[in-house]
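Structure first, then comments.
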Amino acid sequence: MATKGEVKKEVFESEEDLAVSLAKYTAQLSDKFCKERGAFSVVLSGGSLINSLRKLVEPPYIDSIEWSKWHVFWLDERVVPKDHEDSNYKLAYDGLISKVPILPGNVYAINDTLSAEAAAEDYEARLRHLVKSNVINISAASGFPKFDLQLLGMGPDGHVASLFPGHPLVKENEKWVTFIKDSPKPPPERITFTFPVINSSAYIALVVTGAAEAGAVQNALGNSQNSEKLPVAMVSPEGELAWFLDTAAASKL
């Protein structure tokens, strides 16, 4: 296990180099947890993250990873049908899940027939069931689910998951999964993990590319004069936080 609160930061010359390193990192953690637990709980997010994971569907990883032991979850999801272009599930399915032999029963998409509030409650109930069956660990420190690896992206405003700067949900500390109906970024209705769940993780990879994100990266990692703590700066897992940045995203550090 990584040292509590350990933060690693890597800056890559190109997004291609970043993708190569991220695949290696993910594959190594998959191997570690499959050996230790017989399962690997992975949390995906939307945006450009799935594209950054593209090397996993190529040799050597497509042949060496124990895909049947993966259990795949979503950090946040838009309350839209699974075949909608805004769906994080569709993004992950098209770019990763459909290309590797992950068991369909180990892919935990939200129930897209429910309202935002009901979908959040349903997703939390499913997580609680999977904790009881030891698919997901529970954090001894926090009592929240402890995922093996959460893969996070970030928006230019510093939001992670669907937790936006200044929004009350940033302070939610009891629910595992909650919902938002007034997202500042469309579509407005989403469900999202809360910070206690994000920060109970064993490992978090924060993947950020592009110059538009440089200010928020500076807020989280640099000597920013901005006194407001952005959501991305609140990411602090129990184990290791690894930043994967390209030179543009890291340009203000």
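Between the side chains of D148 and S41, at least one donor-acceptor pair of N or O atoms lies under 3.5 Å.
Using modelled atom types, no side-chain atom of E213 and backbone atom of G158 make a donor-acceptor pair closer than 3.5 Å. Side chain of R37 to main chain of N134: a donor-acceptor pair is present (N/O by atom type, distance under 3.5 Å, no hydrogens or angles). The backbone N or O of A23 lies less than 3.5 Å from no partner atom in the side chain of T26, so there is not a single donor-acceptor pair. Looking only at distances, no side-chain donor or acceptor of S201 sits under 3.5 Å from a matching main-chain atom of I204. For E124 (side chain) and W176 (main-chain N/O), a donor-acceptor pair under 3.5 Å exists by modelled atom type. Without hydrogens or angle criteria, R78 side chain to D86 main chain gives a donor-acceptor distance under 3.5 Å.
Note on I50: it does not cluster hydrophobically with V80, by side-chain heavy-atom contacts below 4.5 Å among ILVMFWY residues. I180 and L114 end up in different hydrophobic clusters when Ile, Leu, Val, Met, Phe, Trp and Tyr side chains are linked at under 4.5 Å. V100 is connected to F33 through a chain of hydrophobic side-chain contacts under 4.5 Å among Ile, Leu, Val, Met, Phe, Trp and Tyr, so both are in one cluster. Follow the hydrophobic side-chain contacts under 4.5 Å out from W243 and you never reach V20; the two are in separate clusters.
When the shell of 6.0 Å around NE2 of H84 is examined, it contains more than 12 heavy atoms from other residues, nucleotides or ligands. At most 12 non-hydrogen atoms from other residues, nucleotides or ligands lie less than 6.0 angstrom from NZ of K8.
Minimum interatomic distance between M154 and V217 (heavy atoms only, all atoms of both residues): CE-CG2, 4.0 Å. Contact between S87 and P81 at its shortest, heavy atoms only, is CB-O, 3.6 Å. When every heavy atom of V207 is checked against every heavy atom of L18, the shortest pair comes out as CG1-CD2, 3.7 Å. Annotation for A211 and A248: closest pair N-CB, 3.5 Å, computed over non-hydrogen atoms. Contact detail for V170 and P231: the closest heavy-atom pair is CG2-CG, 4.2 Å. Across S45 and L152, no two heavy atoms sit closer than the pair OG-CA, 3.6 Å.
In this structure, I198 CD1 and L75 CG are separated by 5.0 Å, a value rounded to the nearest 0.5 Å. The NZ atom of K146 sits 12.0 Å away from atom CG of N199, with the distance rounded to the nearest 0.5 Å. Taken to the nearest 0.5 Å, the CD1 atom of I110 stands 9.0 Å off from the CG atom of N88. A distance of 8.5 Å separates CD of E77 from CG of D112, quoted to the nearest 0.5 Å.
Residues meeting the side chain to side chain contact (heavy atoms under 4.5 Å, CB included) test with V135, sequence neighbours left out: H71, Y108, L130, S133. T113 meets the side chain to side chain contact (heavy atoms under 4.5 Å, CB included) test with N111; sequence neighbours excluded. The ring-ring contact (aromatic ring centres under 6.0 Å, His included) test applied to F164 returns H159, not counting sequence neighbours. Y25 meets the ring-ring contact (aromatic ring centres under 6.0 Å, His included) test with F244; sequence neighbours excluded. Under the side chain to side chain contact (heavy atoms under 4.5 Å, CB included) criterion, V42 pairs with F40, L44, W70, L151, sequence neighbours left out. Every residue two or more places apart in sequence or in another chain that forms a side chain to side chain contact (heavy atoms under 4.5 Å, CB included) with S200 is listed here: S139, S142, F144, E238. Partners of Y89 under the ring-ring contact (aromatic ring centres under 6.0 Å, His included) rule, at least two apart in sequence or in another chain, are W74, Y93.
Sequence neighbours left out, the pairs with a member in residues 88-101 that pass salt bridge (Lys or Arg N to Asp or Glu O under 4.0 Å) are K90-D94. For residues 9-18, every residue pair satisfying the salt bridge (Lys or Arg N to Asp or Glu O under 4.0 Å) rule, not counting sequence neighbours, is listed here: E15-R54, E16-R54, E16-K55. Within the structure, no pair that satisfies the salt bridge (Lys or Arg N to Asp or Glu O under 4.0 Å) test touches residues 169-189, not counting sequence neighbours. Sorted by first and then second residue, the salt bridge (Lys or Arg N to Asp or Glu O under 4.0 Å) pairs with a member in residues 244-253 form an empty list; sequence neighbours excluded.
Two residues are said to be in side-chain contact when any heavy atoms from C-beta on lie closer than 4.5 Å; I102 and V72 meet this criterion. Taking 4.5 Å as the limit, some side-chain heavy atom of F195 sits within range of a side-chain heavy atom of V160.
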Quick one: side chains of residues 56-68, donor-acceptor pairs under 3.5 Å with protein atoms, not counting sequence neighbours, listed by atom name and distance.
from: S64; atom 1: OG; to: P60; atom 2: O; distance (Å): 2.9
from: E66; atom 1: OE1; to: K69; atom 2: NZ; distance (Å): 3.0
from: W67; atom 1: NE1; to: I62; atom 2: O; distance (Å): 3.0

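Separation of the F193 and F147 ring centroids falls under the 6.0 Å cut-off.
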Given side-chain hydrogen bond (donor to acceptor under 3.5 Å, both in side chains), test T192 with D76 step by step and report yes or no.
CA-CA 4 Å; T192 183; D76 66 325; 5.1 Å; no

L241 and V235: CA distance, side-chain angles, deciding distance, side-chain contact (heavy atoms from CB on, under 4.5 Å) verdict
CA-CA 8 Å; L241 172 58; V235 175; 4.1 Å; yes

Evaluate the criterion side-chain contact (heavy atoms from CB on, under 4.5 Å) for residue pair T247 and F12; output intermediate values, then yes/no.
CA-CA 6 Å; T247 49; F12 299 90; over 6 Å; no

Starting from the C-alpha separation in whole Å, work towards a yes-or-no answer on side-chain contact (heavy atoms from CB on, under 4.5 Å) for I136 and L127.
CA-CA 8 Å; I136 307 169; L127 297 187; 3.9 Å; yes

Any chance you could lay out the side-chain contact (heavy atoms from CB on, under 4.5 Å) test for V177 and T194, step after step, and finish with the verdict?
CA-CA 6 Å; V177 184; T194 59; over 6 Å; no

